[in-house]
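Side chains included, hydrogens not; waters and symmetry mates left out as well; all remaining heavy atoms used. Start at 1 with the first residue, then count along the sequence.
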Amino acid sequence: EVQLQAFGGGLVQPGGSLRLSCEASGFAFGSYEMTWLRQVPGKGPEWLAVINNGGDSTLYTDSAKGRFTISRDNAKSKLYLHMSSLKPEDTAVYYCTRGLGVWGQGTKVTVSS
């Protein structure tokens, strides 16, 4: 069974940094494009970033560009999202996905003073 679990969320001050991790199992991790999404209650999901299977190509939405970095370690079947210069509007539940079809268990990030 495909399993995706995000970790690393928590409370952080505005302007702070946080690194999220996603542990994957049940499939050939290195064969798939991976993404990070986030969702705020009452709003639709927002796509943040995508990384190709080899990890040498990335794309970001405007909200993430310049502040967030997506990376992966295929040997460990792990996906990462490093976030910096965090803003209150970054508060959301963050999810990793295999492509856009399989969502994992999310982790909550709260940016507040």
Side-chain angles (χ1 to χ4, degrees):
E1 180 182 349
V2 173
Q3 291 186 290
L4 297 166
Q5 174 68 61
F7 298 95
L11 177 65
V12 62
Q13 298 265 328
S17 298
L18 201 63
R19 189 175 83 158
L20 306 182
S21 300
C22 177
E23 298 182 356
S25 63
F27 66 99
F29 181 76
S31 297
Y32 289 86
E33 175 182 276
M34 299 293 294
T35 77
W36 284 98
L37 308 173
R38 67 186 181 190
Q39 189 162 23
V40 176
K43 297 183 179 180
E46 179 185 17
W47 175 83
L48 294 171
V50 61
I51 187 166
N52 74 332
N53 64 316
D56 58 353
S57 181
T58 59
L59 290 171
Y60 300 89
T61 193
D62 287 344
S63 297
K65 188 163 50 182
R67 300 190 300 124
F68 295 3
T69 301
I70 187 171
S71 62
R72 66 193 296 162
D73 185 339
N74 286 345
K76 296 180 178 180
S77 295
K78 289 186 176 181
L79 181 74
Y80 303 99
L81 184 69
H82 183 267
M83 305 183 291
S84 62
S85 300
L86 285 163
K87 307 171 182 179
E89 52 263 45
D90 293 320
T91 296
V93 178
Y94 286 70
Y95 301 88
C96 63
T97 75
R98 190 182 79 182
L100 291 176
V102 181
W103 287 39
Q105 184 73 37
T107 187
K108 178 71 180 296
V109 173
T110 302
V111 184
S112 177
S113 59

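When all heavy atoms of Gln39 and Lys43 are compared, the closest pair comes out as NE2-O, 3.1 Å. Across all non-hydrogen atoms, the minimal contact from Pro14 to Ser113 is CD-N, 3.7 Å.
A side-chain N or O of Glu46 and one of Ser63 form a donor-acceptor pair less than 3.5 Å apart.
A distance-only check finds a donor-acceptor pair linking the side chain of Ser84 to the backbone of Arg67 [under 3.5 Å]. Side-chain atoms of Arg72 do not come within 3.5 Å of backbone N or O of Glu33 as any donor-acceptor pair. At distances below 3.5 Å, not a single donor-acceptor pair connects side-chain atoms of Asn74 with backbone N or O atoms of Gly54. A side-chain donor-acceptor contact under 3.5 Å links Thr35 to the backbone of Gly99.
Here the side chains of Phe68 and Leu86 are in contact, with some heavy-atom distance below 4.5 Å. In this structure, the side chains of Asp90 and Arg38 come closer than 4.5 Å at one or more pairs of heavy atoms. Between Val2 and Arg98 the shortest side-chain heavy-atom distance falls below 4.5 Å. Contact check for Met34 versus Leu4: side-chain heavy atoms found under the 4.5 Å cut-off. The side-chain heavy atoms of Val109 and Met83, taken from C-beta on, include a pair separated by under 4.5 Å.
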Next item on the list: Start with the C-alpha gap between Leu79 and Phe29, add the side-chain angles, then the distance that decides, and say whether side-chain contact (heavy atoms from CB on, under 4.5 Å) holds.
Entry: CA-CA 9 Å; Leu79 181 74; Phe29 181 76; 4.2 Å; yes
Next item on the list: Would you sort out whether Lys108 and Val93 count as a side-chain contact (heavy atoms from CB on, under 4.5 Å), showing the intermediate values?
Entry: CA-CA 4 Å; Lys108 178 71 180 296; Val93 178; 3.7 Å; yes
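For Ser112, the side chain to side chain contact (heavy atoms under 4.5 Å, CB included) partners at least two apart in sequence or on another chain are Leu11, Thr110. Phe27 meets the ring-ring contact (aromatic ring centres under 6.0 Å, His included) test with Tyr32; sequence neighbours excluded. For the salt bridge (charged side-chain N to carboxylate O under 4.0 Å, His left out) test, no residue two or more places apart in sequence or in another chain qualifies with Lys87. For Ala49, the side chain to side chain contact (heavy atoms under 4.5 Å, CB included) partners are Tyr60, Ile70, not counting sequence neighbours.
Atoms CG and CH2, from Leu48 and Trp36 in turn, are 9.5 Å apart once rounded to the nearest 0.5 Å. Rounding to the nearest 0.5 Å gives a distance of 5.5 Å between CG of Leu59 and OG of Ser57.
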Under 3.5 Å, which donor-acceptor pairs link side chains of residues 16-25 to any protein atom two or more places apart or in another chain?
none

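The residue from Val40, Val111, Val12 that alone fulfils the side chain to side chain contact (heavy atoms under 4.5 Å, CB included) condition with Thr91 is Val111.
Every pair passing ring pair (Phe, Tyr, Trp, His ring centres under 6.0 Å) that includes a residue from residues 79-98 is listed here, sequence neighbours excluded: Tyr95-Trp103.
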